[in-house]
Structure formats: structure tokens, C-alpha cells
*Asks:* 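Please read through the structure below; I'll follow up with questions.
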Amino acid sequence: AIGSHEEDWNRHFVLVQDVNLAAYTGSRFMTVGRFIAWGDEGNRPFTGTFDGRGRKIKNFRWSAIGRNNVGLFAYLGPEGRIRNLRLENVDVNVPDGRSIGALVGESEGWVTNCRVSGGGDIGGLVGWNHGTVARGDSTAGVKGSGWSVGGLVGHNFGTVSDCNSTAVVSGDQYVA
């Protein structure tokens with residue numbers, strides 16, 4: 001429901017139980033945040049805090065053609081924080097997109113103590129990072145047909161520390 005309420009994207013949330021998103025397939029799930037292009041007035045980042053408290057969001061599935069900035073959180077702003085969250089059995093498939101991540105598509109904020117596991121064609125934690133990723137972990141397989149594909153972060157201009165990936169990663173160029 002957070003993705004449907006842009007007016008709440010600056011608020012603080014705590015996950016109180018595991019969430020199963022199996023009923024949402026294709027692009028029916030409303031991602032949180034919106035990034036169109038640098039400097040575009042239509043950009044709307046998530047600037048609040050989402051604390052998973054170690055709980056899981058399961059079965060996040062998203063697929064589309066011609067989309068950019070896709071993830072559970074499409075765009076995390078500089079003040080945004082996502083922490084202590086587990087994504088399990090994730091499948092994000094956007095073959096011709098950029099800034100695609102299981103958890104965050106485009107990040108300028110903080111992603112801390114988060115873990116992604118799953119299968120299919122997915123990004124690790126963050127597609128395009130300008131922020132901070134710390135104490136993260138990914139065991140999800142990552143397959144990309146563009147540039148900058150990574151087990152944790154696809155394209156990084158920020159900070160990545162204390163992270164681990166045991167993902168099998170494949171792509172055309174700039175694979176990390």
C-alpha cells in the first residue's frame with residue numbers, strides 16, 4: 001500500500017510481520033518512489049525510513065519491458081533509509097532497463113543490514129547507487145544484458161562496505 005500513497009513517502013515504517021507478495025505479478029505491484037530523469041520535477045523519492053526489523057518480504061515479482069528504476073523501492077532519496085530487511089524468493093525481470101535492483105532501483109540514501117535471496121533474472125540489492133550500502137548480503141543470481149551488472153550493486157558512485165555476495169553474476173559488459 002505504501003507505493004500507492006505518494007504522500008506517505010516521507011514517513012517512517014516498521015514491518016511487524018512477514019509479507020507475501022505472491023498475488024502481485026508482472027508490473028501490478030506499485031513500487032515505492034519514482035525516478036524519471038536527473039533534474040525532472042516528476043521525481044518523487046522515498047525519503048522516510050523503512051525498518052524491516054529482520055522480517056521478510058517474500059515473492060516480490062516484477063517484470064516489464066522498457067522500464068528503468070525498478071525495485072521494491074524504485075527511488076530512495078538522500079534522506080531515505082532502508083534497514084534490517086530480508087527479501088526472499090525475488091524475481092525482477094526487466095531485460096532492457098537500467099537501474100534495476102531487487103530492493104532499490106536508484107539510491108541516494110542508506111541501505112543497511114539488508115539481504116536478498118532468490119532466483120530468476122534479478123539485481124542484487126541496488127541497481128544504481130549514489131548512497132551507502134552497508135552490511136548487505138545477496139545470494140540471488142543476477143543476469144543483465146546491459147552494462148554495470150553486480151551481485152550487490154550494479155553501478156556504484158557511492159559507498160559499499162561490509163557486504164557479501166555469493167551470487168552467480170553474468171552480463172555483457174562491466175560485470176562485478
Side-chain angles (χ1 to χ4, degrees), residues 1-35 44-64 67 69-77 79-94 97 99-107 109-127 129 131-143 150-154 160-169:
I2 299 169
S4 299
H5 295 279
E6 184 177 319
E7 70 276 9
D8 292 335
W9 291 351
N10 64 343
R11 301 194 186 268
H12 305 285
F13 300 90
V14 174
L15 196 58
V16 296
Q17 66 184 29
D18 290 351
V19 175
N20 187 345
L21 297 176
Y24 299 93
T25 59
S27 58
R28 288 185 34 215
F29 180 83
M30 297 292 296
T31 60
V32 180
R34 179 177 59 250
F35 184 92
R44 296 288 181 266
F46 177 79
T47 58
T49 300
F50 189 93
D51 189 343
R53 289 245 168 113
R55 291 179 175 82
K56 298 175 190 171
I57 295 179
K58 300 183 260 188
N59 302 312
F60 173 50
R61 305 211 181 299
W62 217 96
S63 62
R67 290 292 302 263
N69 306 92
V70 173
L72 187 67
F73 291 81
Y75 181 27
L76 182 65
E79 305 85 14
R81 307 284 188 263
I82 302 171
R83 61 181 175 233
N84 307 317
L85 182 61
R86 306 293 180 249
L87 294 185
E88 189 174 273
N89 195 24
V90 178
D91 188 356
V92 177
N93 185 359
V94 186
S99 299
I100 311 299
L103 183 56
V104 181
E106 182 102 15
S107 178
W110 295 75
V111 177
T112 309
N113 196 30
C114 293
R115 178 184 179 109
V116 175
S117 63
D121 298 339
I122 72 168
L125 287 173
V126 177
N129 182 47
T132 299
V133 177
R135 295 186 311 279
D137 185 78
S138 176
T139 60
V142 180
K143 180 180 176 185
L152 285 166
V153 173
V160 177
S161 65
D162 249 351
C163 293
N164 181 52
S165 175
T166 56
V168 174
V169 181

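Note that this is a predicted model, so its numbers are computed, not measured. If you read the sequence from its start, that first residue is 1, and numbering goes on from there. The figures here come from the full heavy-atom set of this structure, side chains too, leaving out hydrogens, waters and symmetry mates.
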*Asks:* Which atom pair, heavy atoms only, marks the closest approach of V32 to G3?
*Replies:* CG2-N, 3.9 Å
*Asks:* Can you see which heavy atom on R61 is nearest to which on V90, and at what distance?
*Replies:*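 So the two residues come closest at NH1-C, 4.1 Å.
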*Asks:* Looking at every heavy atom in both A102 and L87, which two are closest together, and how far apart are they?
*Replies:* O-CD1, 3.7 Å
*Asks:* Report, as yes or no, whether the 6.0 Å neighbourhood of atom CH2 on W9 holds more than 12 heavy atoms from other residues, nucleotides or ligands.
*Replies:* yes
*Asks:* Looking only at heavy atoms, which two atoms of Y75 and R34 are closest? And how far apart?
*Replies:*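 Where Y75 meets R34 most closely, the heavy atoms are CD2-O, 3.3 Å.
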*Asks:* Which pair of heavy atoms, one from N129 and one from G131, lies closest together, and at what distance?
*Replies:*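 What the structure gives for the nearest pair is OD1-N, 3.0 Å.
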*Asks:* For the CG atom of L103 and the CG atom of L85, what is their distance to the nearest 0.5 Å?
*Replies:*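 The CG atom of L103 sits 6.0 Å away from the CG atom of L85.
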*Asks:* Mind checking the NZ-OG spacing from K58 to S117? Nearest 0.5 Å is all I need.
*Replies:*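 One gets 11.0 Å once the value is rounded to the nearest 0.5 Å.
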*Asks:* Report the C-alpha separation of D162 and R135 in whole Å, then their side-chain angles, then the decisive distance to 0.1 Å, and conclude whether the side-chain contact (heavy atoms from CB on, under 4.5 Å) test is met.
*Replies:* CA-CA 5 Å; D162 249 351; R135 295 186 311 279; 3.9 Å; yes
*Asks:* Please determine whether side-chain contact (heavy atoms from CB on, under 4.5 Å) holds for the pair I2 and F50, giving the CA-CA distance in whole Å, both sets of side-chain angles, and the decisive distance to 0.1 Å.
*Replies:* CA-CA 10 Å; I2 299 169; F50 189 93; 3.8 Å; yes
*Asks:* To the nearest 0.5 Å, what is the distance between CZ on F60 and CG on D91?
*Replies:*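 Here the rounded value is 10.0 Å.
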*Asks:* Just wondering, do L15 and I57 contact through their side chains at under 4.5 Å, heavy atoms?
*Replies:* yes
*Asks:* To the nearest 0.5 Å, how far apart are OG1 in T31 and CZ in F73?
*Replies:*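 It comes to 10.0 Å.
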*Asks:* Would you compute the distance between atom NZ of K56 and atom CD of E88 and round it to the nearest 0.5 angstrom?
*Replies:* 4.0 Å
*Asks:* So do L21 and L72 actually touch side chain to side chain, heavy atoms under 4.5 Å?
*Replies:* yes
*Asks:* Can you tell if the side chain of I100 reaches within under 4.5 Å of the side chain of W62, non-hydrogen atoms only?
*Replies:*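 No - every pair of side-chain heavy atoms lies 4.5 Å or more apart.
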*Asks:* Are the charged groups of R55 and D18 less than 4.0 angstrom apart, N to O?
*Replies:* no
*Asks:* Hey, mind stepping through R86 and N113 against side-chain contact (heavy atoms from CB on, under 4.5 Å) and telling me if it holds?
*Replies:* CA-CA 9 Å; R86 306 293 180 249; N113 196 30; 3.8 Å; yes
*Asks:* Under the salt bridge (Lys or Arg N to Asp or Glu O under 4.0 Å) test against D51, which residue among R83, R11, R81 passes?
*Replies:*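 Testing D51 for a salt bridge (Lys or Arg N to Asp or Glu O under 4.0 Å) against R83, R11, R81 leaves exactly one candidate, R83.
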*Asks:* Check the surroundings of atom CD in E7: do more than 12 heavy atoms from other residues, nucleotides or ligands lie under 6.0 Å from it?
*Replies:*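 More than 12 heavy atoms, drawn from other residues, nucleotides or ligands, come within 6.0 Å of this atom.
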*Asks:* To the closest 0.5 Å, what do you measure between CG (L152) and CG (D137)?
*Replies:* 7.5 Å
*Asks:* Decide side-chain contact (heavy atoms from CB on, under 4.5 Å) for V104 and V133; before the verdict, give the C-alpha distance in whole Å, the side-chain angles of both, and the deciding distance to 0.1 Å.
*Replies:* CA-CA 11 Å; V104 181; V133 177; over 6 Å; no
